[in-house]
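Remember, predicted model here, so these are calculated numbers, not experimental data.
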Amino acid sequence: MENKRVRLRFAPSPTGGLHMGGVRTALFNYLFAKKHGGDFLLRIEDTDQTRYVKGAEEYIVAALNWTGIKIDEGVSVGGPHAPYRQSERKELGIYKKYADQLIQSGHAYYAFDTAEELDAMRKRLEAAKVAAPQYNAVSRQNMRNSLTLSEDETKKLLDAGTPHVIRLKVPRNEEIRFHDIIRGWVVVNSSQVDDKVLLKSDGMPTYHLAHIVDDKLMEISHAVRGEEWLPSAPAHILIYRYLGWEETMPQLAHLPLILKPDGNGKLSKRDKSGLPMFPLNWTDPSTNESYIGYRESGFFPEAFANMLAFLGWNPGTTQELFSMDELIQAFSFERVNKSGAKFDPEKTKWFNQQYLRKKADSELAALFAPVVEEKTNGQGAKGKGQDYIEKVCKLIKEKAHFVSEFWEMGKFFFIAPDAYDADVIKKRWNEGSAKFIAALATEYKNMGDFTAAEAERVFKATAENTGTNPGQVMQLFRVCLSGMGGGPVLFEMTELLGKDEVVKRLETAVQKIK
RNA sequence: GUCCCGUUGGGCGAGUGGGCAAGCCGUCACUCUUUCACAGUGGAGACACCGGUUCGAACCCGGUACGGGAUACCA
């Protein structure tokens, strides 16, 4: 099947907020689809009714949208293969048909075992020191299924509506080979594969059956998913084969896991690193547990997507900053790693910082203005206007990682400091420096043109006249204005505050600091 | 336990048999700004281990160790 249209899908279960690992899977699917001019679909795999979480689907769509992943087809946008929710497709009888087909061809069978019987079987096998207790070619011979029961008995049970599942009949000892775009050839013996349930007793298909049927019907060309699926891939190969679809099955790619920053193990829903694990804020409706999102933490979606792309992939060049279009251009599965990638909070912040620097001041001001309004109860920006906020942003963005830090870093642009950095005061404040600050206030008061250059010139002149070493009082001057020992370029900041405000703050400082 | 996947500096990662093993984050130092940062320059820091193949191995093969994943009528 050469020249088959490239179609990839992201197929999450609506069991909670979409974790950033899930977003990465979606992103890789999306990048590959777009790189080859294909389609990106969103399918919801809600076959487990007991784990269904309300609002999860909406969250998934919103998270993808925010990240910049556009859905061509599927839930939320529709398309020629609708419906795209497996629970709805089940109602149409789509999966049962193929399960029946497998029964007919002898590759699947009915199993009537109760949960207790299954449990007893596992215990029995464990007691017998069987390495991997499972429902398979050997153990099924001692269970209640259409392979051990007579045709009559089976029919009777079915007619009586006895609860049952349909299981895949996995051969006892057969080599299963499959090719993974990222990992190469993988070989597993069928003795390691259990007789997977295809259709549950409630009539719902399991993931194993459902995703294969849907991928076929939706003409998916590449199935890209997390590494946790690798062990069940051999079973999937068998299903494709028995359905007669092996020749046209999607190419497989199993993505490496994202590991937590400290120690080992899969990245979980909570992490001590302090960074969010979810793209957007998420509150679980049943447990009321809530998690913060990247968006709400002040991350730019471009930075988030860029960071995610580098978790397990790299372009092979030294370029690290990529727009979505550039990612699409550069992406390939050949450059996806096999080993798990540790999530690096520091690097993640760095990405956001890079994007922050590139943003136009006006764009940042638009984000920051509401914060200023809120924090000052509508007072701070008043009379100073958008232009003032823009200039503040211009000064602050050089040292920030997030817009959300702007207020703490630059609130003195809007309200006078009510406290002064104790360390600096302790170190620098004395009779001489106090005198200098007072003198500076006076000099500034008499100035005309209050530019950064002029302010600096007068500052130095005043230092000379009072016999003060400028280096000794420069940081002090900063503290008098902002309360803080560090901050934006000093005289730029002075100019922006304006003459009157600067003089006032200096005078206040002289009075307040002892 | 069994099966599968993996293992290059503190983190991410380039590298696919042949000149001193890229780059980024972090860290340290220096420079610059007579402050704090930013920036620039430089430093320290790695091929898990043991065998084998080869004139030659981070790259190929085997074993060991370590890590991860899977082992459900969950996905």
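With C1' as the reference atom, B:C66 and B:A29 are 35 Å apart, rounded to whole Å. For the C1' atoms, the distance linking B:A14 with B:U8 amounts to 10 Å, nearest Å. To the nearest whole angstrom, the two P atoms, one in B:C36 and one in B:C49, are 43 Å apart. Comparing the C1' positions of B:C25 and B:A65 gives a spacing of 29 Å, expressed to the nearest Å. Between B:G26 and B:U64, the two C1' atoms lie 33 Å apart (nearest whole Å). If you take atom C1' in B:U16 and the same atom in B:C59, they sit 6 Å apart, rounded to whole Å. Comparing the C1' positions of B:A39 and B:A75 gives a spacing of 48 Å, expressed to the nearest Å. Taking atom C1' in both B:C32 and B:G15, the straight-line distance is 36 Å, to the nearest Å.
Atom CE in A:Met493 sits about 15 Å away from atom P in B:U35, given to the nearest Å. Remark: C1' of B:C24 and NZ of A:Lys342 are 18 Å apart, rounded to the nearest angstrom. Rounded to a whole Å, the CZ atom of A:Arg177 is 14 Å from the P atom of B:C4. Rounded to a whole Å, the CZ atom of A:Arg85 is 17 Å from the P atom of B:A75. In this structure, the CG atom of A:Leu321 is 18 Å from the P atom of B:G23, given to the nearest Å. With rounding to whole Å, A:Tyr207 atom OH is found 13 Å from B:A70 atom P. What separates CD1 of A:Ile258 from P of B:G6 is a distance of 18 Å, to the nearest Å. In this structure, A:Phe310 places its CZ atom 17 Å from C1' of B:G26, rounding to the nearest Å.
Between A:Asn314 and B:G13 there is no side-chain polar atom (N or O) within less than 4.0 angstrom of OP1 or OP2. At least one side-chain nitrogen or oxygen of A:Asn337 sits closer than 4.0 Å to the OP1 or OP2 atom of B:A14. For A:Arg122 and B:G1, the shortest distance from a side-chain N or O to OP1 or OP2 is not below 4.0 Å. OP1 and OP2 of B:G68 both lie 4.0 Å or more from every side-chain N or O belonging to A:Lys260. Between A:Thr206 and B:A72 there is no side-chain N or O to OP1 or OP2 distance below 4.0 Å. A close approach under 4.0 Å does not occur between any side-chain nitrogen or oxygen of A:Arg428 and OP1 or OP2 of B:U35. Dashed line: the shortest gap from a side-chain N or O of A:Arg357 to OP1 or OP2 of B:A39 is under 4.0 Å. Phosphate proximity of B:A37 to A:Lys397: absent, as no side-chain N or O sits under 4.0 Å from OP1 or OP2.
The partner of B:C38 cannot be assigned: no Watson-Crick or G-U wobble pair with both contacts below 3.5 Å exists in any strand. Across all strands shown, nothing is found opposite B:A57 as a Watson-Crick or G-U wobble partner with both distances under 3.5 Å. Pairing for B:U7 goes to B:A65, judged as Watson-Crick or G-U wobble with the two contacts each under 3.5 Å. When Watson-Crick and G-U wobble pairs are counted only if both distances are under 3.5 Å, B:U71 pairs with B:G1.
Across all strands shown, A:Arg183 has heavy atoms under 4.0 Å from sugar-phosphate atoms exclusively, and none from any base. If you check every strand for non-hydrogen atoms under 4.0 Å, A:Val186 touches sugar and phosphate atoms only. Across all strands shown, A:Asp344 has heavy atoms under 4.0 Å from base atoms, whether or not it also approaches the sugar-phosphate. Using a 4.0 Å heavy-atom distance criterion, A:Gly16 is classed as making no nucleic acid contact. Within 4.0 Å (heavy atoms only), A:Asp113 reaches at least one base atom of the nucleic acid.
In the set B:C24, B:C36, B:A75, the nucleotide with an atom closest to the side chain of A:Arg478 is B:C36. Distances from the side chain of A:Lys200 to the nucleotides B:C73, B:G69, B:C4 place B:C73 closest. The side chain of A:Leu490 has B:U35 as its nearest neighbour among B:C12, B:U35, B:A75. Which of B:C24, B:C3, B:A75 sits closest to the side chain of A:Lys347 comes down to B:C24. Closest contact between the side chain of A:Arg335 and the listed nucleotides B:A75, B:C24, B:G15 involves B:G15. When distances are taken from the side chain of A:Glu346 to each of B:C25, B:G68, B:G6, the shortest belongs to B:C25. Set against B:C5, B:A75, B:C12, the side chain of A:Leu230 has B:C5 as its closest nucleotide. Distances were taken from every side-chain heavy atom of A:Lys338 (C-beta onward) to each of B:C24, B:G6, B:A70; the shortest belongs to B:G6. With B:A22, B:G69, B:C74 as the choices, the nucleotide that has an atom nearest any side-chain atom of A:Thr318 turns out to be B:A22. Checking B:A22, B:C25, B:C73 against the side-chain heavy atoms of A:Val165 singles out B:C73 as nearest.
The shortest heavy-atom contact between A:Phe310 and A:Gln319 is CZ-O, 3.6 Å. Across A:Phe322 and A:Tyr355, no two heavy atoms sit closer than the pair O-OH, 2.8 Å. Taking all atoms of both residues into account, the shortest heavy-atom contact from A:Leu209 to A:Pro205 is CD1-CB, 4.1 Å.
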message: Determine whether A:Arg225 and A:His211 satisfy the following criterion, side-chain hydrogen bond (donor to acceptor under 3.5 Å, both in side chains), listing intermediate values before the conclusion.
response: CA-CA 12 Å; A:Arg225 77 248 275 209; A:His211 93 275; 3.2 Å; yes

Step-by-step ring pair (Phe, Tyr, Trp, His ring centres under 6.0 Å) determination, A:Phe406 to A:Phe368: CA-CA 7 Å; A:Phe406 279 20; A:Phe368 187 41; 5.4 Å; yes

query: Should A:Tyr59 and A:Trp282 be marked as a ring pair (Phe, Tyr, Trp, His ring centres under 6.0 Å) after you check the CA-CA gap, both sets of side-chain angles, and the distance that decides it?
result: CA-CA 8 Å; A:Tyr59 181 93; A:Trp282 167 252; 5.1 Å; yes

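Nearest-nucleotide mapping onto RNA chain B: of A:Val187 and A:Thr50, the residue sitting toward the 5' end is A:Val187. Take the nearest nucleotide of RNA chain B for A:Ser339 and for A:Phe491: the residue whose nucleotide is more 5' is A:Ser339.
Checked by atom type, the side-chain pair A:His401/A:Asn352 shows no donor-acceptor distance below 3.5 Å. A side-chain donor from one of A:Asp195 and A:Tyr109 sits under 3.5 Å from a side-chain acceptor of the other.
Between the side chain of A:Lys399 and the base of B:C36 there is at least one donor-acceptor pair of N/O atoms closer than 3.5 Å.
For NZ of A:Lys90, the number of neighbouring non-hydrogen atoms (other residues, nucleotides, ligands) closer than 6.0 Å is greater than 12.
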Output one line per pair: protein atom, nucleotide atom from nucleotides 32-34 of chain B, and distance, for all N/O pairs under 3.5 Å.
none

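The six-membered or imidazole ring of A:Phe331 lies near that of A:Phe333, with a centre-to-centre distance under 6.0 Å. Taking the six-membered ring for Trp and the full ring otherwise, the centers of A:Tyr291 and A:Phe278 sit less than 6.0 Å from each other.
A tilted orientation is assigned to the rings of A:His236 and A:Trp229, their planes being inclined by 30° to 60°.
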